[in-house]
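Report on the following structure.
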Amino acid sequence: MAKEITSRAENYSQWYNDIVKKAGLADNSAVRGCMVIKPYGYAIWEKIRDQLDKMFKETGHVNAYFPLFIPKSFLSKEAQHVEGFAKECAVVTHHRLMNDPNGKGVIVDPEAKLEEELIVRPTSETIIWSTYKDWIQSYRDLPLLINQWANVVRWEMRTRPFLRTAEFLWQEGHTAHATENEARQEARMIHDLYAQFTEEFMAMPVIQGAKSENERFAGAVDTYTIEALMQDGKALQAGTSHFLGQNFAKAFEVTFMNEKNESEFVWATSWGVTTRLVGALIMTHSDDDGLVLPPKLAPIQVVIVPIPRPDPELVAKAEEIANGLKAKGVSVKIDLDDSKRPGFKFAEYEMKGVPVRLGLGARDMANNQIEVARRDTKEKDNVSLDGIVEYVTELLDDIQNNLLKRAYDFRQANTTRVDNFDDFKRILDTKGGFVLAHWDRTTETELKIKEETKATLRCIPIDAPEEAGICVYSGKPSSRRVLFAKAY
RNA sequence: CGGGACAUAGCGCAGCCCGGUUAGCGCACUUGGUUUGGGACCAAGGGGUCGUAGGUUCGAAUCCUACUGUCCCGACCA
């Protein structure tokens, strides 16, 4: 047994770390709080990125790139915004090093102090809105629909690979609109796009909702979120879309002339998802044998293992099958490594979450069949080589659907409606998961609940039906249930 | 930033309490051979400033002090 991972039951955090490491997704780095994303982990991110990028472009957005550094003065222009990020910013104060006159090594050259310090972007609203001011003159310049793929830095106390790192990769969309309504629609449209993406591609169902005032993005009027439920019963915020009102337009004086030749402030949105999605993917589907990937995001969808070794006849047949699959758009790897035995390879590909494994040996060739193993259920079947391409492409769809259904069923089974605070606490302590409860819509109650239960108000679901009830904490009237959970 | 644990080869660990030749084991790696349908076996080999800096001592992986880092549990957060 070369590689083993801690079971989820034994230690969920350790299980997660083991998967990240042993599936080859990421390593710790020499820099505290920062990870190295390894090729296999990055390949998953690329799949996520490419699909989202396509969806953004289909909805009229274009990509651009803004600077990593933000003048300190920019960050202080929007009061709530700076308050939200001030505690976790990396600051550049100097621009030069020099040899240490007292010994070996280098020191910061005290002569090279910057006149104005630069902040490493924790998010780009300020630099972008200072730029948009110059780009927008007329209603004819609107809407401005721009996205950027970038890295950002938030100096977090405690980090975990993919879920929270000091530096992470993301996309941030920043749009400007002539009317409030159009901006609100944009924020909601992206919110829907995110939900569609996570469900269709990540096979991860999400609850769509609005954040409470307390949980809202610093500087936003409304924040929409997609909340996913992880296997340990904790919620994970997987993406947010913000309606920013005219807050940034006012802070950066971004105005335009409307059709009546009147000057107006523009209406704004911003929205983003991060490499955290890779963490979400891990914690939604994986099991005690390793990573489980949905076919639509798997860097390798099918691996063919010649058994017992890659002999020429087997490889020739494997290539024939692989070419058939590739013609259908399936990514296939033929394992040509002859230094490892099949059993080792099986375990390895299971650890890496490859959705389908085909085992091809002389015995199979003689019987005109092949061994098909699916990662999600670990079932194995001997399947005729005739029509194998169709069989596998259908199986990939089936796995994708099965993962979504499994995650959805898990969420259903771990979503509990409660009507009093005793039940609320009991469910969170025993079962965990999502809790749907009535809430009186005050921040005071929200904070009390958080203090007493560690559960946070994840969102006010957009599809929650109107339902008369009383707040589980205060007993005051409420018209709909909201979503609480312990969260990452 | 609080509470706890840990730091010895790429990874996982033993040795430390009770200081004493050349610091050991498993996995991984290299070479050769035998194997090969679920993590092969045999043999030979390479790889270490024992986290860093001080201190005690004739002598420190081992004892003392400080620092740094990592992990787990909290608080903060995508």
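Just so you know, these numbers use all the heavy atoms, side chains as well, and skip hydrogens, waters and symmetry mates. By convention in this document, chain letters (A, B, ...) are assigned in the order of the sequence lines, proteins followed by strands, and residues within each chain are numbered from 1.
- A straight line from CG of A:D337 to P of B:C29 spans 10 Å, rounded to a whole angstrom.
- Each of B:G38, B:C29, B:C76 was ranked by its minimum atom distance to the side chain of A:E156; first place goes to B:C76.
- A gap of 30 Å separates the C1' atoms of B:C73 and B:C64, to the nearest Å.
- At a threshold of 4.0 Å, the pair A:D287-A:R375 counts as salt-bridged, since one of the basic side-chain nitrogens sits closer than that to a carboxylate oxygen.
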Distances for protein N or O near nucleotides 69-74 of chain B N or O, under 3.5 Å:
| residue | atom | partner | partner atom | Å |
| --- | --- | --- | --- | --- |
| B:U70 | OP2 | A:R32 | NH1 | 2.8 |
| B:C72 | OP1 | A:N17 | ND2 | 2.5 |
| B:C73 | OP1 | A:S13 | OG | 2.9 |
| B:C73 | OP2 | A:R158 | NH2 | 2.5 |

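- Between B:G38, B:A40, B:C29, one nucleotide has an atom nearer to the side chain of A:R341 than all others, and that is B:A40.
- The phosphate of B:G37 has neither OP1 nor OP2 within less than 4.0 Å of any side-chain N or O from A:R363.
- To the nearest angstrom, C1' of B:A40 lies 14 Å from NZ of A:K345.
- When the side-chain nitrogen and oxygen atoms of A:K450 are compared with OP1 and OP2 of B:C76, one or more of them lie within a distance under 4.0 Å.
- Taking atom CG on A:L314 and atom P on B:G37, their separation rounds to 13 Å, with Å as the unit.
- Rounded to whole Å, the distance from CZ on A:F344 to C1' on B:A40 is 12 Å.
- Note on A:A238: nothing from the nucleic acid sits closer than 4.0 angstrom, heavy atoms only.
- Scored by the ring pair (Phe, Tyr, Trp, His ring centres under 6.0 Å) test, A:F217 finds A:H81, A:F85, A:H242 as partners (sequence neighbours excluded).
- Rounded to whole Å, the distance from CD on A:Q237 to C1' on B:C76 is 14 Å.
- A:M351 places its CE atom 10 Å from the C1' atom of B:G39, with the value rounded to the nearest Å.
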Could you pull out all donor-acceptor pairs under 3.5 Å where a side-chain atom in residues 194-211 of chain A meets a protein atom, sequence neighbours excluded?
| residue | atom | partner | partner atom | Å |
| --- | --- | --- | --- | --- |
| A:Y194 | OH | A:Q171 | OE1 | 2.5 |
| A:Y194 | OH | A:G272 | N | 3.0 |
| A:Q196 | NE2 | A:E200 | OE1 | 3.3 |
| A:T198 | OG1 | A:Y194 | O | 3.3 |
| A:T198 | OG1 | A:A195 | O | 3.1 |
| A:T198 | OG1 | A:M204 | O | 3.4 |
| A:E199 | OE2 | A:V206 | N | 3.3 |
| A:Q208 | NE2 | A:H191 | ND1 | 3.3 |
| A:Q208 | NE2 | A:D192 | OD1 | 2.8 |
| A:K211 | NZ | A:E227 | OE2 | 2.9 |
| A:K211 | NZ | A:Q237 | OE1 | 3.0 |
| A:K211 | NZ | A:R458 | O | 2.9 |

